[in-house]
Amino acid sequence: MSESQKTAVIFGLANKRSIAWAIAQKLHQAGWRLAITYQNERLELEAKDLIAEMPGAAGFMCDVTKDDEIARLFDQLKSRYGVLHGLVHSVGFAPPEELKNPFLNTTREGFRIAHDISVYSLIAVARGAAPLMTAGGAMVTLTYYGSEKVVPNYNVMGVAKAALEATVRYLANDLGPKAVRVNAISAGPIKTLAARGISNFGDMLKTQLERAPLKRNIDAAEVGATATFLLSEAGSGITGETIFVDCGYNIMGF
Ligand code: NAD
Ligand code: 0WE
């Protein structure tokens with residue numbers, strides 16, 4: 001089937017800097033029809049303005065911590081599109097104090113929220129989408145190197161991303177027999193809303209570009225291009241994998 005007949009749902013659009021938006025643009029250019037979701041009314045105005053710029057794209061509200069909102073979304077997608085071929089999960093959150101205080105002080109509630117929003121939500125949306133992926137399909141989520149190595153202040157998000165990468169492997173095993181693939185992209189740091197307010201983020205970008213083999217930072221559009229590849233036929237043999245899109249930073253030992 002050509003990409004022009006395929007439909008994908010994208011979770012995690014906040015604004016034009018969102019990785020979700022960069023992925024949406026690349027998928028749109030490749031001919032995908034898109035359903036794009038945003039978290040709440042607060043983000044609706046900005047999200048709807050962006051979605052309106054993209055012919056054929058439709059916007060839906062969905063808070064991924066709410067089972068009823070996820071169920072309602074997939075009901076809407078089923079009646080509107082019938083079949084889904086792609087899913088992009090670009091959602092993550094930890095309470096701000098968890099990214100400032102020592103990791104040792106991680107609270108039970110901060111841990112719960114980080115894992116609910118950043119990890120469990122992938123399981124929940126994968127379960128919602130799987131029955132609609134009757135022609136096979138692919139899912140992509142976003143992770144970060146802080147899952148493998150200690151990145152100061154990333155804290156409970158690093159633990160959540162490690163769980164997310166393991167979740168990708170278990171989902172890949174469950175959904176493989178239905179010809180549905182599940183992969184993660186481990187992106188290098190990008191200045192998005194989720195990166196704003198993180199102290200020394202500018203210094204991190206500079207150190208990253210100095211040490212990375214490509215001697216530059218990653219652009220969100222490159223993450224979008226890799227997501228498009230993973231959702232396309234070109235990715236047909238890849239599942240359960242975490243692919244780095246980080247200008248090679250992760251390969252360096254020193
Ligand atoms: P972003 O703030 O634009 O996107 C995060 C999204 O998560 C937002 O749209 C937000 O509304 C959504 N979200 C949070 N709680 C939600 C909920 N309860 N229900 C629904 N949506 C919810 O920032 P981003 O950098 O584009 O982040 C997207 C993903 O990429 C995240 O998983 C992040 O961890 C990951 N990532 C980011 C970077 C980076 O440097 N920016 C690097 C690697 C991975
Ligand atoms: O995954 C992320 C961002 C995750 C994130 C960011 C925030 C900031 C606002 C999750 N929750 C929140 N909660 C907030 O209140 N990245 C990979 C970007 C990122 O975040 C860091 C990083 C990098 C890189 C935090 C500390 C250190 C490095």
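Just follow the structure's listing: the first ligand is 1, and inside any ligand the first atom is 1. Not measured: the values here are computed from a predicted model.
- Using a 4.0 Å cut-off between a side-chain N of Lys or Arg and a carboxylate O of Asp or Glu, E210 and K206 qualify as a salt bridge.
- Less than 4.0 angstrom separates some heavy atom of N153 from each of these atoms of ligand 2: 26 (C).
- Looking from atom 10 (C) of ligand 2 to the surrounding protein, the closest heavy atom is A94 N, 3.5 Å.
- Evaluated by nearest non-hydrogen atom to atom 3 (C) of ligand 2, the leading choice among A195, S199, G188, A194 is A194.
- What sits closest to atom 9 (O) of ligand 1 on the protein, heavy atoms only, is G12 O, 2.9 Å.
- Of all protein heavy atoms, the one lying nearest to atom 20 (O) of ligand 2 is I198 CD1, 3.1 Å.
- Considering backbone and side-chain N/O of L193, none are found under 3.5 Å from N/O of ligand 1.
- With respect to the salt-bridge test (charged N to carboxylate O, under 4.0 angstrom), the residues D75 and R72 do not qualify.
- When hydrogens are left out, the protein atom nearest atom 19 (N) of ligand 1 is V64 N, 2.9 Å; that is the closest non-hydrogen contact.
- Using a 4.0 angstrom heavy-atom cutoff, E98 does not count as in contact with ligand 2.
- Only the backbone of T143 comes within 4.0 Å of ligand 1, counting heavy atoms alone; no side-chain atom from C-beta on gets that close.
- Atoms of ligand 1 lying under 4.0 Å from any heavy atom of D63, numbered from 1 in the order shown and given with element: 17 (C), 18 (N), 19 (N).
- Using a 4.0 Å cut-off to heavy atoms of G188, the atoms of ligand 1 that qualify are 40 (O), 42 (C).
- The proximity of S118 to ligand 1, defined as any non-hydrogen pair under 4.0 Å, does not occur for either the backbone or the side chain.
- The closest protein non-hydrogen atom to atom 36 (N) of ligand 1 is I19 CD1, 4.0 Å.
- Remark: K215 NZ is packed, more than 12 non-hydrogen atoms of other residues, nucleotides or ligands lying under 6.0 Å away.
- Interatomic distance, T226 OG1 to I23 CD1, rounded to the nearest 0.5 Å: 9.0 Å.
- For S121, the closest heavy-atom approach to ligand 1 does not fall below 4.0 Å.
- Remark: minimum distance from atom 2 (O) of ligand 1 to any protein heavy atom is reached at A194 N, 3.3 Å.
- With hydrogens left out, the protein atom closest to atom 20 (C) of ligand 1 is C62 O, 3.4 Å, a heavy atom.
- Taking a cutoff of 4.0 Å between a charged side-chain nitrogen and a carboxylate oxygen, R216 and E222 qualify as a salt bridge.
- Scanning both residues, V156 and A114, for their nearest heavy atoms gives CG1-CB, 3.9 Å.
- A donor-acceptor distance shorter than 3.5 angstrom exists from the side chain of H85 to the backbone of T7, with no hydrogens or angles considered.
- Atom 28 (C) of ligand 2 has M204 SD, 3.5 Å as its closest protein atom, hydrogens excluded (heavy atom only).
- Contacts between Y154 and ligand 2 below 4.0 angstrom, taking non-hydrogen atoms only, involve backbone and side chain alike.
- Closest to atom 25 (O) of ligand 1 among all protein heavy atoms lies T192 OG1, 2.5 Å.
- In this structure a side-chain-to-backbone donor-acceptor pair under 3.5 Å is present from N183 to I238.
- Looking only at protein heavy atoms, the nearest one to atom 5 (C) of ligand 1 is S90 O, 3.7 Å.
- Looking from atom 16 (C) of ligand 1 to the surrounding protein, the closest heavy atom is Q39 CD, 3.3 Å.
- Within ligand 2, the atoms closer than 4.0 Å to a non-hydrogen atom of P96 are 15 (O), numbered from 1 in the order shown.
- Heavy atoms only, all atoms of each residue included: Y249 and P213 are closest at N-CD, 3.8 Å.
- Closest protein heavy atom to atom 18 (C) of ligand 2: F201 CE1, 4.3 Å.
- Heavy atoms of K161 come nearer than 4.0 angstrom to ligand 1 in at least one pair.
- Less than 4.0 angstrom separates some heavy atom of L13 from each of these atoms of ligand 1: 9 (O).
- Distance alone, capped at 3.5 Å, is enough to place a donor-acceptor pair between the T239 side chain and the V182 backbone.
- Screening V91, L122, L87 against T141 for a side chain to side chain contact (heavy atoms under 4.5 Å, CB included) leaves a single residue, L122.
- Near L43, meaning under 4.0 Å from any of its heavy atoms, are these atoms of ligand 1: 11 (O).
- Taking a cut-off of under 4.0 Å to the non-hydrogen atoms of Y144, the atoms of ligand 1 that pass are 43 (C).
- By the 30° and 60° cut-offs, the orientation of the rings of Y154 relative to Y144 is perpendicular.
- With hydrogens and angles disregarded, no donor-acceptor distance shorter than 3.5 Å links the side chain of H28 to the backbone of A24.
- Here is the list of ligand 1 atoms found below 4.0 Å of a heavy atom in P189: 40 (O).
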* **Derivation and outcome, salt bridge (charged side-chain N to carboxylate O under 4.0 Å, His left out), residues K100 and E97** => CA-CA 5 Å; K100 288 189 197 93; E97 56 277 14; 5.9 Å; no
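- For ligand 1, the atoms closer than 4.0 angstrom to any heavy atom of L142 are 29 (C), 30 (O), 32 (O), 35 (C).
- Within ligand 1, the atoms closer than 4.0 Å to a non-hydrogen atom of G92 are 7 (O), 31 (C), 32 (O), numbered from 1 in the order shown.
- Put simply, the side chain of T143 never gets that close to the backbone of A184: no donor and acceptor are under 3.5 Å apart.
- The shortest N/O to N/O separation between V91 and ligand 1 falls below 3.5 Å.
- In terms of N/O distances under 3.5 Å, ligand 2 is not approached by P152.
- To the nearest 0.5 Å, atoms CG (N40) and CG (L43) are separated by 4.5 Å.
- Close approach of ligand 2 to Y144 (heavy-atom distance below 4.0 Å) involves ligand atoms 17 (C), 24 (C).
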